[in-house]
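Encoded as structure tokens, the structure appears first; notes follow it.
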Amino acid sequence: MAKFIHRPQVWLLLAAVVLLTGVPLLFGQGKFEGADAQAEEMISELSPEYEPWAQPFFEPQSSEVESLLFALQAALGAGVIGFVVGKYTERQRQTMTQAPPSDNP
């Protein structure tokens, strides 16, 4: 584990994550909207008489519940991706550390 922490790639990735999350918070001027809200605003601006042809299957009663469901969805997706990447990484590590088969029976 200690060998993993001292790799320069890990520190570069951590710096990139801090940079990618910090810069929008500092220079975003506090306006954070989802893509759906921005698209809805743009559609109503471009075509005020537009009627949506589909209705949502489930609509949460408050924006907090909607945010919670979105966060749960993101966490589940990240967990699945992390599991798959970890499984393949471990499989590759085990394949590389296995001794080659000997020719003598």
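Worth knowing before you read on, the calculation uses all heavy atoms, side chains too, and leaves out hydrogens, waters and symmetry mates.
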(request) Would you give the length of the straight line joining atom CG of Leu13 to atom CG of Leu20, rounded to the nearest 0.5 angstrom? (result) 10.5 Å
(message) To the closest 0.5 Å, what do you measure between OG (Ser62) and CG (Leu68)?
(response) 9.0 Å
(message) My understanding is that only residues two or more places apart in sequence, or in another chain, count here; which of them pass salt bridge (charged side-chain N to carboxylate O under 4.0 Å, His left out) with Glu64?
(response) none
(message) Using modelled atom types and a 3.5 Å cut-off, is there a donor and acceptor pairing between side-chain atoms of Ser44 and backbone atoms of Glu40?
(response) yes
(message) Can you tell me how far apart CD (Glu66) and CG (Asp36) are? Round to the nearest 0.5 Å.
(response) 8.0 Å
(message) Looking at every heavy atom in both Pro60 and Leu69, which two are closest together, and how far apart are they?
(response) CG-CD1, 4.1 Å
(message) Other residues, nucleotides and ligands only: do more than 12 of their heavy atoms fall within 6.0 Å of OH on Tyr88?
(response) no
(message) Do Phe58 and Phe70 land in one hydrophobic cluster if side-chain heavy atoms of ILVMFWY residues count as linked below 4.5 Å?
(response) no
(request) Following the transitive rule for hydrophobic clusters with a side-chain heavy-atom cut-off under 4.5 Å over Ile, Leu, Val, Met, Phe, Trp and Tyr, establish whether Val65 and Phe57 coincide in one cluster. (result) yes
(message) Once rounded to the nearest 0.5 Å, what's the spacing between atom CG of Leu26 and atom OG1 of Thr21?
(response) 9.5 Å
(request) Mind checking the CD-OG1 spacing from Gln92 to Thr97? Nearest 0.5 Å is all I need. (result) 11.0 Å
(request) For residues 80-98, pull every pair meeting salt bridge (charged side-chain N to carboxylate O under 4.0 Å, His left out), keeping only residues two or more places apart or in separate chains. (result) Glu90-Arg93
